[in-house]
Trainee: 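Handing you this structure, nothing more for now.
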Amino acid sequence: MANQDFLNEINKRRTFAIISHPDAGKTTITEKVLLFGQAIQKAGTVKGRGSNQHAKSDWMEMEKERGISVTTSVMQFPYNERLVNLLDTPGHEDFSEDTYRTLTAVDSCLMVIDAAKGVEDRTRKLMEVTRLRDTPIVTFMNKLDRDIRDPMELLDEVETELNIMCAPITWPIGCGKEFKGVYHLHRDETILYQTGHGHTIQDVRTIKGLDSAELDAAVGESLAEQLREEIELVQGASNEFDLEMFLSGDLTPVYFGTALGNFGVDHMLDGLTEWAPAPMPRKTDDEREVSAEDEKFTGFVFKIQANMDPKHRDRIAFMRIVSGKYSQGMKMNHVRLGKQVSISDAVTFMAGDRERAQDAYAGDIIGLHNHGTIQIGDTFTDGEKLKFSGIPNFAPELFRRIRLKDPLKQKQLLKGLVQLSEEGAVQVFRPLINNDLIVGAVGVLQFDVVVARLKAEYKVDAIYESVNVNTARWVSSDDVKKFEEFKRKCEANLALDGGDNLTYIAPTRVNLNLSMERYPEVIFSETREH
Ligand code: G4P
């Protein structure tokens, strides 16, 4: 039996990420969440990134210039009785692979929706990903300080478009200039909004009950009347919160507020920390489930990031601890290599700063210094041979040939590309029939990042040329004979990726379809698990 202190540590952890469409307010809400988590004293520090180590590294200069966030960072802070891990995901479409993999490392998600716009593209896609694991979703309708769409209509849209039931926990009173606050259905109280308090935590004024003269006076008779009518409707027509259904990903509690005005974020956090699941089990390749309460240490790497700190030009492998406890100096088994490693200097990611982790438990993320031996998807254990499953690589959709300005640096170029592909920053393909290096990406911005990083980190000047590749599939087959024939006949279209996996690179969709028809014994995969 695991001891009670150990179980308490695990059960107080809540690990989540934010999913949203760009511009819905993810950065702003992150900042307010950290403010409530007392990880920062005053809002403005995350967005400005002035004190943040990320702003310092070279290729992140590019991110700043373009006003997008390409990095995934992890922040831990206490809230109520819980210890919260918030995993930031890049918002820009071009880095969606990173986002997908980060979503394998969390136990719940916060979905932020711009209430003036409703459900947008990227949210739709990300919700599909969370569905793969039935991740519980909490919803925040943002920007109530603007004119928003009818709240009822917003809930309808979430229900029909995202196929998840909505249970409003708070309900807005007016919006835009007339935004007065929210009524909390579970607490039966109105929480009044005051403008101008976006940067700090303020005392709020609350009014108990709906039939109150104080409420009429505070929000005006007409809005108070409208609220009473709407609440009657909401209580009759919408779903009540149900914990089981939330945990199975079938129902989402919905909160209204404004991240910019720092209003409603704490209501959402209260709900999330109370209801979101403690660290969940993870599946292994042999269909076993490893429980977070298992005392034996296990974890998997879902992200590798270079250059977090330019002073140490190393790379950090982000590991989600699945079970057990990490303590400084412990030995771990790096399963893929079958090697014992001693970890003396893992880092945690307290908001804004790296700190040496003393202890970390299931649900936490730790960073391991990586000198090229760790790959995305690697499992670490305290000795057992197991591998966690479900960390995907996606078939790229954009391809370019990469060429050196100085041909003598071919070896460095290859080394850089292979390392960047291990990180998941880009994918690299080497055709079997020539010495080309083809770079594949899911989004066009990845190409720029790769060239910038090759220059900064590997000192090679590279340029792109167009290449006649339209799409790629990882290929495999159980039929050895047919596979040999396929490899012989299609050699001109075959390449090895960064991990030496065989890939079919097709000049056109038509070509791909023809080959798939011609070789039904061959499996053409759009994703490859690490
Ligand atoms: P993202 O990370 O999801 O892309 O969104 P981000 O937080 O950067 O917010 C996108 C824009 O929306 C920002 O404005 C931000 O200030 C604004 N915003 C976020 N929450 C609210 C809200 O509750 N109400 C209103 N009215 N606006 C909100 P920007 O002009 O693009 O940037 P900035 O110049 O304000 O930094």
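Remember, it's 1-based here, ligands and their atoms both numbered in the order they're listed. Computed over heavy atoms, backbone and side chain alike; hydrogens, waters and symmetry mates excluded. As the structure is a prediction and not an experimental result, all values here were calculated from the model.
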Trainee: Would you find a donor on one side and an acceptor on the other, under 3.5 Å apart, between the side chain of Asn239 and the backbone of Cys166?
Mentor: yes
Trainee: Numbering the atoms of ligand 1 from 1, which are under 4.0 Å from a heavy atom of Asp23?
Mentor: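 The list of qualifying atoms is 1 (P), 3 (O), 4 (O), 5 (O), 10 (C), 12 (O).
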Trainee: Counting from 1, what ligand 1 atoms have a heavy atom of Thr258 closer than 4.0 Å?
Mentor: 22 (C), 23 (O), 24 (N)
Trainee: Provide the number and element of each atom of ligand 1 under 4.0 Å from a heavy atom of Thr28.
Mentor: 6 (P), 7 (O), 9 (O), 15 (C), 19 (C)
Trainee: N/O to N/O below 3.5 Å, does that happen between Leu260 and ligand 1?
Mentor: yes
Trainee: Considering only heavy atoms, does Lys143 approach ligand 1 within less than 4.0 Å through its side chain, its backbone, both, or neither?
Mentor: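 It is both parts that get close, each with some atom under 4.0 Å.
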Trainee: I'd like to know if the side chain of Tyr193 pairs up with that of Asp145 as donor and acceptor (distance under 3.5 Å, no hydrogens or angles considered).
Mentor: no
Trainee: So for ligand 1, is Ala259 a polar contact partner (N or O within less than 3.5 Å, distance only)?
Mentor: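 N/O-N/O distance below 3.5 Å exists for this pair.
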Trainee: Side chain or backbone, does Gly25 bring an N or O within less than 3.5 Å of an N or O on ligand 1?
Mentor: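 Among all N and O atoms of Gly25, at least one is under 3.5 Å from an N or O of ligand 1.
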Trainee: Would you mind telling me if ligand 1 is within reach of the side chain of Asp145, the backbone, both or neither, using heavy atoms under 4.0 Å?
Mentor: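 Answer for Asp145: side chain.
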Trainee: So, are Arg205 and Glu189 salt-bridged, with charged N and O less than 4.0 Å apart?
Mentor: no
Trainee: Side chains of Asp497 and Gln427: donor-acceptor distance under 3.5 Å anywhere?
Mentor: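 Short answer, no.
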Trainee: Using the side chain to side chain donor-acceptor pair (under 3.5 Å) definition, which of the options Glu230, Arg228, Glu229 pairs with Gln226?
Mentor: Glu230
Trainee: Is it the case that the ring center of Tyr326 lies less than 6.0 angstrom away from the ring center of Tyr361?
Mentor: no
Trainee: Does ligand 1 have a heavy atom under 4.0 Å from the side chain of Asn142, from its backbone, from both, or from neither?
Mentor: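 Side chain only; the backbone of Asn142 stays clear of ligand 1.
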Trainee: Among Glu31, Met141, Lys26, His21, whose heavy atom sits nearest atom 3 (O) of ligand 1?
Mentor: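 Looking at heavy atoms only, Lys26 sits closest to atom 3 (O) of ligand 1.
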Trainee: Looking only at heavy atoms, which two atoms of Arg13 and Asn85 are closest? And how far apart?
Mentor: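 Nearest pair, atom of Arg13 first, then Asn85: CG-ND2, 4.3 Å.
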